[in-house]
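The structure appears right after this line, and notes come after that.
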Number of protein chains: 2
Amino acid sequence: MEKQTVTIYDVAREAAVSMATVSRVVNGNPNVKPATRKKVLEVIDRLDYRPNAVARGLASKKTTTVGVIIPDVTNAYFSSLARGIDDIAMMYKYNIILTNSDENGGKEVQVLNTLMAKQVDGIIFMGNQVTDELREEFKRSKAPVVLAGSVDSEKTQPSVNIDYIAAVAEAVKNLIDHGNQRIAFVSGSMDQAINHDYRLKGYKKALKDAGISYDSKLVFETDYTYKAGQSLEPALTAAGATAAFVGDDELAAGVMNGLTDAGVKVPDEFEVITSNDTKLTELVRPKMSSITQPLYDIGAVAMRLLTKLMNNETVEENTVILPYGLMKRSSTK
Amino acid sequence: MEKQTVTIYDVAREAAVSMATVSRVVNGNPNVKPATRKKVLEVIDRLDYRPNAVARGLASKKTTTVGVIIPDVTNAYFSSLARGIDDIAMMYKYNIILTNSDENGGKEVQVLNTLMAKQVDGIIFMGNQVTDELREEFKRSKAPVVLAGSVDSEKTQPSVNIDYIAAVAEAVKNLIDHGNQRIAFVSGSMDQAINHDYRLKGYKKALKDAGISYDSKLVFETDYTYKAGQSLEPALTAAGATAAFVGDDELAAGVMNGLTDAGVKVPDEFEVITSNDTKLTELVRPKMSSITQPLYDIGAVAMRLLTKLMNNETVEENTVILPYGLMKRSSTK
DNA sequence: CTTCTATGTGAAAGCGTTTTCAATGTTGCG
DNA sequence: CGCAACATTGAAAACGCTTTCACATAGAAG
């Protein structure tokens with residue numbers, strides 16, 4: 001007892017017109033006599049006809065779906081971007097195929113390929129690192145690819161970000177202004193462009209501007225997890241740090257709670273400033289000071305940019321930089 | 001200079017075989033002579049042929065993609081489920097079309113329709129309420145629909161959940177055992193089945209078992225947001241509550257922080273227990289006690305169940321109940 | 001040397017749309 | 001009334017694959 005599907009052909013027959021005409025009314029083509037349109041519409045309604053998007057996709061070579069590659073939906077930073085992406089996508093009648101990559105290069109390439117096989121009209125990539133292989137795939141893709149909240153040292157793909165170097169420099173300067181001389185830099189893997197090419201540069205710049213010499217012992221390379229942050233306390237104090245810039249909110253929460261649990265007072269004895277301004281910063285105590293980023297907007301703008309690209313509209317600027325800010329809460333003086 | 005796509009036809013021509021044969025090797029059909037297979041594989045590799053999934057979908061009536069309706073990706077509870085769903089989906093070679101519904105009935109129906117139009121092979125629905133209209137659509141759908149971490153009073157759809165009534169009852173009993181007589185029940189809208197048909201029942205059951213009479217003044221119906229929780233403090237103390245069961249972690253964090261900020265000591269003067277055991281419970285101070293749910297697994301099992309349904313395998317039990325627990329942390333005595 | 005059964009393979013018919021192109025019907029105007 | 005110009009419509013060819021069915025070919029069995 002398989003459910004029967006009604007096709008455009010059925011509608012055409014019932015309405016005594018051709019498939020072409022039905023297709024026209026379904027697609028809002030104006031070249032249809034009002035009377036005919038009405039007649040067709042009635043039949044569509046009566047038969048409860050619903051166009052098959054797959055057939056449509058095959059015939060028109062447009063699927064109105066875009067692929068989204070995300071490191072992990074569970075991460076507040078990325079899920080905020082994803083929300084912005086989806087909202088704008090929906091606004092423009094696109095759907096999103098969402099896949100978690102765990103920032104695993106192999107998986108990313110594989111996922112990218114299945115997305116392309118599925119004929120997505122465009123792709124949004126989030127991830128802290130664009131490998132050479134990935135970059136090659138991007139180029140080969142006939143669907144436009146835009147990076148959201150993600151950087152590629154080659155700057156070859158359209159992208160939307162904030163000015164990470166300036167933002168981190170400002171955050172670190174703020175720490176310096178509070179009298180800190182030994183400031184830790186805590187982030188994820190230094191293999192990731194965002195860390196070694198952006199954040200670390202901003203960090204160094206702030207130090208240099210203040211005449212403080214760079215000490216690699218103050219650089220802590222770890223995972224983006226709460227646990228990793230929490231267990232960092234002994235090392236942090238051993239290195240003589242009195243403040244830390246942290247590259248991820250969950251990690252920062254770990255750092256801060258680890259410190260607090262060890263009896264170190266934040267911010268009096270140790271200041272912490274984080275990077276992503278997710279909800280998390282307001283949930284922990286003390287609330288965390290943070291670089292502020294328009295998370296939702298990064299996603300939204302990326303998607304908007306993608307729609308233009310998919311539409312072959314000429315876009316003035318391929319890489320858009322959104323404004324950042326600094327939000328002083330209670331983890332800094 | 002449009003990028004040229006190579007089709008199965010091109011491969012067939014180059015390999016001097018028929019399209020049918022190419023199709024067979026691509027699909028791993030064993031009825032191909034090894035020598036032929038090798039030849040075809042070589043051509044595929046040389047031409048860099050990649051099957052068009054849309055055409056495949058049209059011909060085979062299977063798209064290997066499933067639709068996922070989620071209230072909000074940004075919510076830790078649901079994004080955890082989503083992660084479980086995606087991982088299992090990937091394991092079974094499915095992709096996920098993810099759409100946020102904001103629990104808006106109209107949007108849900110609309111989204112469901114576009115998913116069906118896109119010929120998804122199955123659907124996973126998350127949301128705290130299944131309206132009649134939605135239920136009708138589910139029935140009409142030729143793709144199986146399973147509910148994940150979501151209940152429908154009608155119990156008509158396959159679903160995977162925990163025993164909310166028992167879990168809440170146990171949590172509330174715990175609070176009672178600590179000597180609390182006036183326990184607040186804080187949740188989202190009472191229109192949602194999960195609140196009025198499950199959580200509230202569990203709450204009442206625990207009260208009844210302890211011989212405490214139900215007082216509707218202790219029931220707080222609000223939004224699932226941090227802010228909403230935070231601003232609840234005056235009302236909570238005014239009602240004379242000394243403890244609260246809360247239906248969502250973010251909301252609970254708000255309640256707790258609101259209390260703390262107002263000078264109320266948690267847990268000494270007020271105990272809080274929450275429901276979803278997301279990462280959040282560990283980030284706040286004090287850490288929150290919670291009902292524990294196998295979040296990832298709820299998603300994973302739901303997806304697994306869906307694969308069986310899509311495969312027309314007979315499944316022993318349509319509604320699966322996963323075990324819950326109670327995690328005592330520091331927001332309760 | 002037949003006859004039979006596997007095993008491999010190809011031709012062609014879909015799958016449900018969109019889109020091109022030609023055909024027909026209509027209207028306006030001199 | 002005749003004809004150009006335009007508005008409507010339909011026929012049929014894609015789109016790129018899967019799948020059915022029939023046909024070969026090749027051993028196996030008698």
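All figures in this text were calculated on a predicted structure; none of them were measured in a lab. Proteins get letters first, then strands, A, B, ... in listed order; numbering begins at 1 in each.
- Going from atom CG of A:Asn29 over to atom P of D:dT8 covers 10 Å, rounded to whole Å.
- The pair A:Arg83-B:Asp102 counts as a salt bridge, with a side-chain nitrogen and a carboxylate oxygen less than 4.0 angstrom apart.
- The listed nucleotides are C:dT17, D:dT9, D:dG16; the one nearest the side chain of A:Val32 is D:dT9.
- For the pair B:Ser60 and D:dT18, the criterion of a side-chain N or O lying under 4.0 Å from OP1 or OP2 is not met.
- Phosphate contact (OP1/OP2 of D:dC17, side-chain N/O of B:Ser23, threshold under 4.0 Å): absent.
- For the pair B:Lys62 NZ and D:dT19 C1', the computed distance is 14 Å after rounding to whole Å.
- Regarding B:Arg56, its CZ atom lies at a distance of 14 Å from the P atom of D:dG16, rounded to whole Å.
- In this structure, A:Asp86 contributes its side chain and B:Asn100 its backbone to a donor-acceptor pair below 3.5 Å.
- Separating the NZ atom of B:Lys33 from the P atom of D:dA26 is a distance of 8 Å, rounded to the nearest angstrom.
- A salt bridge links B:Lys139 to B:Glu136: at least one charged side-chain nitrogen sits closer than 4.0 Å to a carboxylate oxygen.
- The residue B:Ala117 sits apart from the nucleic acid: no heavy atom pair falls under 4.0 Å.
- At a threshold of 4.0 Å, the pair A:Lys38-A:Glu42 counts as salt-bridged, since one of the basic side-chain nitrogens sits closer than that to a carboxylate oxygen.
- Nucleic acid contact class of B:Val17 (heavy atoms, under 4.0 Å, all strands): sugar-phosphate only.
- Between A:Tyr9 and D:dA11 there is no side-chain N or O to OP1 or OP2 distance below 4.0 Å.
- OP1 or OP2 of D:dT9 lies within a sub-4.0 Å distance of a side-chain N or O belonging to A:Thr36.
- Base engagement by B:Asn31 is indicated by at least one non-hydrogen atom pair under 4.0 Å involving a base atom.
- OP1 or OP2 of D:dG16 lies within a sub-4.0 Å distance of a side-chain N or O belonging to A:Lys61.
- Between A:Leu58 atom CG and D:dA13 atom P there is a gap of 17 Å when expressed in whole angstrom units.
- A:Arg50 comes within 4.0 angstrom of the backbone, heavy atoms only, and of no base.
- When the P atom of C:dT17 is taken as reference, atom CD1 of A:Ile44 falls 10 Å away, rounded to whole Å.
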* To do: Dump the intermediate steps for side-chain hydrogen bond (donor to acceptor under 3.5 Å, both in side chains) on B:Lys308 and B:Thr314, then the final yes or no.
  => CA-CA 7 Å; B:Lys308 289 181 186 167; B:Thr314 50; over 6 Å; no
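- Atom-to-atom, CD1 of B:Ile8 to C1' of C:dA11 comes out at 14 Å; the value is rounded to the nearest Å.
- Put simply, B:Ser18 has a side-chain N or O that comes within less than 4.0 Å of OP1 or OP2 on C:dG10.
- The nearest whole Å value for the distance from the CZ atom in B:Arg13 to the C1' atom in C:dG10 is 17 Å.
- Taking 4.0 angstrom as the limit, B:Thr21 places none of its side-chain polar atoms (N or O) nearer than this to OP1 or OP2 of C:dT9.
- A:Asp191 and A:Gln129 are not linked by any side-chain donor-acceptor pair at a separation below 3.5 angstrom, with hydrogens and angles left out of the test.
- For the pair A:Asn27 and C:dT18, the criterion of a side-chain N or O lying under 4.0 Å from OP1 or OP2 is met.
- Within 3.5 Å, a donor on the side chain of A:Arg24 pairs with an acceptor on the base of D:dG10, or the reverse.
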